[in-house]
Amino acid sequence: MLDIKVIRQNPEKIAAGLARRGLTAGLDNFLELDSRRRELLVEAEALKNRRNQVSAEVAQRKKKGQDATELIAAMREVADRIKELDEAIRTTEEELQQLLLTIPNIPHESVPDGLDDTANVEVRRWGELPQFDFEPLPHWEIAEKLNIIDFERGSKVAGARFVFYRGAGARLERALVNFMLDLHTIKHGYTEIFPPFMVNSNSMVGTGQLPKFAADMFHVEGTDYYLIPTAEVPVTNLYSGEILDGEQLPIYHVAYSACFRAEAGAAGRDTRGLIRQHQFNKVELVKFSRPENSYEELEKLTRDAEEVLQLLGLPYRVVVLSTGDLGFSAAKTYDLEVWLPSAATYREISSCSNFEDFQARRAGIRFRPGPKEKPRFVHTLNGSGVAVGRTVAAILENYQQKDGTVLIPKALKPYMGGLEVIRPE
RNA sequence: GGAGAGAUGGCUGAGUUGGUCGAAGGCGCUCGACUGGAAAUCGAGUAGACGGGUCAAAAACUCGUCUCGUGGGUUCAAAUCCCACUCUCUCCGCCA
């Protein structure tokens, strides 16, 4: 959510920022509502002031045993008018709030302009692409031959875009979760959180999934619960409505969670394999930072996520998203894209973003910079560290051998009980 | 699921015959005094949001409105009375 005062003072600047995202709608309606609200407020507050003074007078007279009936009668009318004004203010604010909640964040100045992902800019590459003296198979074929992922039974029991992991496949998934959590907690200093996998609608508004993107999520019918699309939601909302001590910042959290996405509008895309599932596992990094440090923190967070891929020996590149590809709440995002040999392309495996105070304002996450200073909104950041299912896909494809077996990356062996290679059972 | 108790400021904790209560006291914190320095002691200060004024603007200052779980109601006036909801705690039942 943008700062209403900033919009009021620099409407043309905000409009220019939104235009970079390709949004041309003006802010006139917004500004009109805003000034109407203030007019109503001024009138209502003046009346309330008078009412309060007269009420004090009534109290005085009663104490002295004097009559106050004419004062009370006069205030009865004032009270009616106040009620009318309060109602008008309430509806105006409601409208304003709804509008405000649907306006996306303003891109950071360093974000490249563009209409879509074709305008994303590569920042760096890491790793040697694997060379094969055979035709590399897609991960779903490798997995089926090894009998470690069951796509068909996933569909039978749950539906399309669900799988069963089995044997060494299940072990691999679990090993990756533990490997990532250990790396981020022990080496990078994040505090581990194990969050709820369902949250209420208020939390979804806090991080920006609601009200605009309800169709992308699973909602538990008859309740106010939503399945989380990412641990970002519960972990960012951990401190919602709180004023943190400035000395606590920055706060680093890492959380494993299952993630649930309805993938509305993705029909026909990535229908095979692990790339696009309704349920997948992810280790998520979340930071709460002072505003002045948040871009530094974004760079560090991105490097922390990259290290997962480096230790696993998976080639990747980092791209900065263009204004057209940027998510609703983000001011700047780096995507990590891992190499998938079967498709001979890089595919997103992590997304690291700085939301500045956009989420903090929605969720009410503030900090006190110092004693006696006024509370300010924190900056929130998060990034996948990293998506587990896609990591499995990348390992299977990059480490596949001619004989159909798959080598286990060195860093992962301790987590696989010393297993060196996955063979068909 | 059943029965009961409760929800007040950073924390703790008063306040329920409605009327200077945004709120006593304590703790914590900030500033000052005392001290060679510190502790102890003493003094002062210490919630948030929104809006008006001042101002180019911000900060600061000042005036006002709202907020004592949330939403609504009664009243000239509600932390205090009424209704609904949420959450917490205790006991019982059930349960991984």
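Each chain gets a letter, A, B and so on, in the order its sequence line appears, and its residues count up from 1. Just so it is clear, the structure is predicted and the values come from calculations on it, not from any experiment.
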**Student:** Which label fits A:H188 and A:Y190: parallel for a plane angle under 30°, tilted from 30 to 60°, or perpendicular past 60°?
**Tutor:** perpendicular
**Student:** If I pick the C1' atom on B:A96 and the same atom on B:G13, what distance separates them, to the nearest angstrom?
**Tutor:** 39 Å
**Student:** Considering only atom C1', compute the distance from B:U30 to B:C85 and round it to an integer number of Å.
**Tutor:** 40 Å
**Student:** Could you run through RNA chain B and flag its stems, i.e. three or more consecutive Watson-Crick or G-U pairs with both distances under 3.5 Å?
**Tutor:** B:1-7 with B:86-92, B:10-12 with B:25-27, B:28-33 with B:41-46, B:47-53 with B:61-67, B:69-73 with B:81-85
**Student:** I need the full list of ring pair (Phe, Tyr, Trp, His ring centres under 6.0 Å) pairs touching residues 221-244 of chain A, with sequence neighbours left out, sorted by first then second residue.
**Tutor:** A:H219-A:Y226, A:Y239-A:H253, A:Y239-A:F288
**Student:** May I ask you to say what A:Q9 touches in the nucleic acid, namely base, sugar-phosphate or nothing, with a heavy-atom cut-off under 4.0 Å?
**Tutor:** sugar-phosphate
**Student:** Can you list, in residue-number order, the parts of residues 38-49 of chain A that come under 4.0 Å of RNA chain B, counting heavy atoms only?
**Tutor:** A:R38, A:L41, A:V42, A:E45, A:K48, A:N49
**Student:** Taking side-chain contact (heavy atoms from CB on, under 4.5 Å) as the definition, give me every residue that meets it alongside A:E420, ordered by chain and number, with sequence neighbours left out.
**Tutor:** A:K413
**Student:** Could you work out, with side-chain contact (heavy atoms from CB on, under 4.5 Å) as the rule, every residue matching A:D216, not counting sequence neighbours?
**Tutor:** A:F213, A:A264
**Student:** What does A:N52 touch in the nucleic acid at a heavy-atom separation under 4.0 angstrom: a base, only the sugar-phosphate, or nothing?
**Tutor:** sugar-phosphate
**Student:** Suppose we screen for side-chain contact (heavy atoms from CB on, under 4.5 Å). Which residues come up paired with A:N10, at least two apart in sequence or across chains?
**Tutor:** A:V6, A:E12, A:K13
**Student:** Going by side-chain contact (heavy atoms from CB on, under 4.5 Å), name the residues that satisfy it together with A:D150, two or more places apart in sequence or in a different chain.
**Tutor:** A:E152, A:R153, A:F164
**Student:** Which whole number of Å gives the distance between the C1' atom of B:U54 and that of B:C42?
**Tutor:** 38 Å
**Student:** Provide the distance between the two P atoms, one in B:C21 and one in B:U65, to the nearest whole Å.
**Tutor:** 15 Å
**Student:** Which part of the nucleic acid, if any, lies within reach of A:R61 when heavy atoms closer than 4.0 Å are counted: base, sugar-phosphate only, or nothing?
**Tutor:** nothing
**Student:** Earliest and latest nucleotide of RNA chain B, 5' to 3', sitting under 4.0 Å from a non-hydrogen atom of chain A?
**Tutor:** B:G19 to B:A77
**Student:** Regarding A:R361, tell me which of base, sugar-phosphate or nothing describes its non-hydrogen contacts under 4.0 Å with the strands shown.
**Tutor:** nothing
**Student:** Which value, in whole Å, describes the distance between the P atoms of nucleotides B:C31 and B:A77?
**Tutor:** 45 Å
**Student:** Could you tell me how far B:U12 sits from B:A23 if I compare only their C1' atoms? Round to whole Å.
**Tutor:** 15 Å
**Student:** Could you work out the separation of B:A58 and B:A7 based on their C1' atoms and round it to a whole Å?
**Tutor:** 39 Å
**Student:** Strictly by side chain to side chain donor-acceptor pair (under 3.5 Å), give each pair with a member in residues 262-273 of chain A just once, sequence neighbours left out.
**Tutor:** A:E263-A:R276, A:D270-A:R276, A:D270-A:R347
**Student:** Pick the P atom in B:U17 and in B:G2, then give their distance to the nearest Å.
**Tutor:** 32 Å
**Student:** Give me each pair satisfying ring pair (Phe, Tyr, Trp, His ring centres under 6.0 Å) with a member in residues 358-392 of chain A, each pair once, sequence neighbours excluded.
**Tutor:** A:F328-A:F358
**Student:** Hey, which sits more toward the 5' end of RNA chain B by its nearest nucleotide, A:A59 or A:Q53?
**Tutor:** A:A59
**Student:** With a 4.0 Å cut-off, would you call A:R90 and A:E87 a salt bridge?
**Tutor:** yes
**Student:** Side-chain polar contacts of residues 97-104 of chain A - donor-acceptor pairs under 3.5 angstrom, sequence neighbours left out - could you list them?
**Tutor:**
residue: A:T102; atom: OG1; partner: A:L99; partner atom: O; Å: 2.8

**Student:** Please, which pairs that meet ring pair (Phe, Tyr, Trp, His ring centres under 6.0 Å) have at least one residue in residues 4-40 of chain A, sequence neighbours excluded?
**Tutor:** none
**Student:** Is the shortest side-chain N to carboxylate O distance from A:R81 to A:E43 below 4.0 Å?
**Tutor:** yes
